[in-house]
2 protein chains.
Amino acid sequence: MKKYVPVLMKTQMFAGVGNDEVSAMLSCLDARLYNYKKGEYVLRQGEHLSDIVVLVEGTLHIQNDDYWGNRSILGQIAVGEMFGEAYVAPESGALLNDVVAIEDSTVIFFDVRRILTTCSSACRFHAMVVQNMFFAISGKNRKLVQKLGHMSKRSTREKLISYLSEEAKKHNSATFNIPFNRQQLADFLSVDRSAMSNELCKMRDDGLIEFDKNSFKLL
Amino acid sequence: MKKYVPVLMKTQMFAGVGNDEVSAMLSCLDARLYNYKKGEYVLRQGEHLSDIVVLVEGTLHIQNDDYWGNRSILGQIAVGEMFGEAYVAPESGALLNDVVAIEDSTVIFFDVRRILTTCSSACRFHAMVVQNMFFAISGKNRKLVQKLGHMSKRSTREKLISYLSEEAKKHNSATFNIPFNRQQLADFLSVDRSAMSNELCKMRDDGLIEFDKNSFKLL
DNA sequence: ACAAATCAGTTGTTTTTACAACAGAATCGA
DNA sequence: TCGATTCTGTTGTAAAAACAACTGATTTGT
């Protein structure tokens, strides 16, 4: 376990916590290390979870199979990222997705109750971890709400307007660069790339926006 | 402030905390009470927030104006609900929405750092509040991810398949009732009601599902 | 520097969705 | 109970998006 302390130190969860403190907290947080071979399941749909999990080696996929067996990959988890935090609330019910190792992987499970219940003064940094976790989920929440705001628009143009307006607000300027190329933006907004490209040009023709590559200007 | 302790006790934030304890914690959490007349802004786009806010009287709307001034109402906040929790992380940047009182309203602001930094032993229930907050936002997260999973599907049929599959998993059964009528389900999935109704019937004709009112069965 | 790969825009066709308008069934209220 | 309202399904039409295929521009790697 000690081997992975440097990895843990770089995670959001342990941001600002020193090497020795992380080591000291491992037992206090009931950290358990597990290895998975490529193809093995880390978490299964239907299971109940009361741990927050951090990937310290390898790569994982979050997968979803619908009732008729169609599989879709919802996301990829890279080293240092945490998952499971959305399912740890007592009332959250069973997991609805699978988490699978797509290469040999190692994860560390942390009991959420041990995280949230500050223990003896032995771990002075415990409160810091709680804050880190809270802000991490809070930030995730914000991103989800924002994305949902765009996605809930019916037309491609409305989605673009929603997204671009928000970027302008974030940058506090009508001119800004976006962190996506066209395909990525289309994927982000769940629309067809060529249709979106087409719509962007129409919006330019209508005098709503100007753009050049990743640089946009709202008029 | 004391007047609203019974309201606070019913909130997710203070679940399981007794009357006297809530009262005692108000100062420890730096609770500040504000009144707003109908039409006044509780929070404004562009502001920075480091408080979690609980509505104790009235009704609020979360509004969003795009760059060209088109307003959309993202949601309504009822008595006992909290908001702002997605923006309290230090790195979250400015608010992107407005919160407006649509009738005379009263809210209580709680400094998030005071919540997360457990104080002296005076408030034994402080840890409980931290847990409550954590689970609340974690649960919100889960709902958002799930909804996003449906919304990211391109066609109405795929959205329905995604939603119905998930309901089946939740109920652990191929037969279940949904908590929406047709219009509400259409709004939830951001599609047209009549088109959705049409698609549901096609899915029935294709032998995928059976349904009667709110009761569905996957085949 | 050059070939290969990636990226952005364009066009035409097909499919899907939104929209509007309506009808029958179910529900609600007086 | 009766009228009004709400809910659900149906249909036709218009609008929009997806899809496929292609072009030229830009970037990348050797």
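Heavy-atom basis, side chains included; hydrogens, waters and symmetry copies ignored. Lettering follows sequence order; numbering is per chain, from 1.
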Using a strict cut-off of less than 4.0 Å between a Lys/Arg side-chain nitrogen and an Asp/Glu carboxylate oxygen, indicate whether Lys170(A) and Glu167(A) qualify as a salt bridge.
-> yes
Quick one: bend of the helix from dA1(C)-dT30(D) to dA30(C)-dT1(D) from 5 pairs per end, to 10°?
-> 60°
Scanning both residues in full, the closest heavy-atom pair of Ser190(A) with Lys159(A) reads O-NZ, 4.2 Å
Whole Å only: how far is the CD atom of Gln183(B) from the P atom of dA26(C)?
-> 20 Å
Would you call Asn64(A) and Lys169(B) a side-chain contact if the rule is heavy atoms closer than 4.5 Å?
-> yes
Provide the start and end nucleotides, 5' to 3', of the part of DNA chain D that has atoms under 4.0 Å from heavy atoms of chain A.
-> dA17(D) to dT27(D)
Gln12(B) and Lys140(B): CA distance, side-chain angles, deciding distance, side-chain contact (heavy atoms from CB on, under 4.5 Å) verdict | CA-CA 12 Å; Gln12(B) 250 189 314; Lys140(B) 232 181 232 195; 5.9 Å; no
Report, one line per pair, each donor and acceptor closer than 3.5 Å where one atom sits in a side chain of residues 88-102 of chain A; sequence neighbours left out.
residue  : atom : partner  : partner atom : Å
Ser92(A) : OG   : Tyr87(A) : O            : 2.7
Ser92(A) : OG   : Ala89(A) : O            : 2.8
Asp98(A) : OD1  : Gln45(A) : N            : 2.7

Flag the pair Met133(A) / Leu116(A) as yes when at least one side-chain heavy-atom distance between them is below 4.5 Å, and no otherwise.
-> no
Sorted by chain and residue number, the ring-ring contact (aromatic ring centres under 6.0 Å, His included) partners of Phe176(B) (sequence neighbours excluded) come out as His171(B)
Heavy-atom contacts, protein to nucleotides 18-25 of chain C, under 4.0 Å, summarised as B (base), S (sugar-phosphate only) or - (none) per nt, yield SBB-----
Could you walk me through whether Thr59(A) and Glu103(A) pass the side chain to side chain donor-acceptor pair (under 3.5 Å) check?
-> CA-CA 6 Å; Thr59(A) 310; Glu103(A) 47 184 324; 2.3 Å; yes
Using the test side chain to side chain contact (heavy atoms under 4.5 Å, CB included), find all partners of Ala31(B) that sit at least two apart in sequence or belong to another chain.
-> Met1(B), Leu26(B), Ile108(B), Phe110(B)
So, Asp66(B) and Lys153(A), do they make that salt bridge, N to O below 4.0 Å?
-> no
Whole-Å distance separating the CZ atom of Arg182(A) from the C1' atom of dT6(C) = 14 Å
Closest-nucleotide 5' rank along DNA chain D - winner of Glu199(A) and Asn198(B) = Asn198(B)
Under 4.0 Å between any heavy atoms, over every strand shown, what does Ser197(B) touch: base, sugar-phosphate, or nothing? Just pick one.
-> base
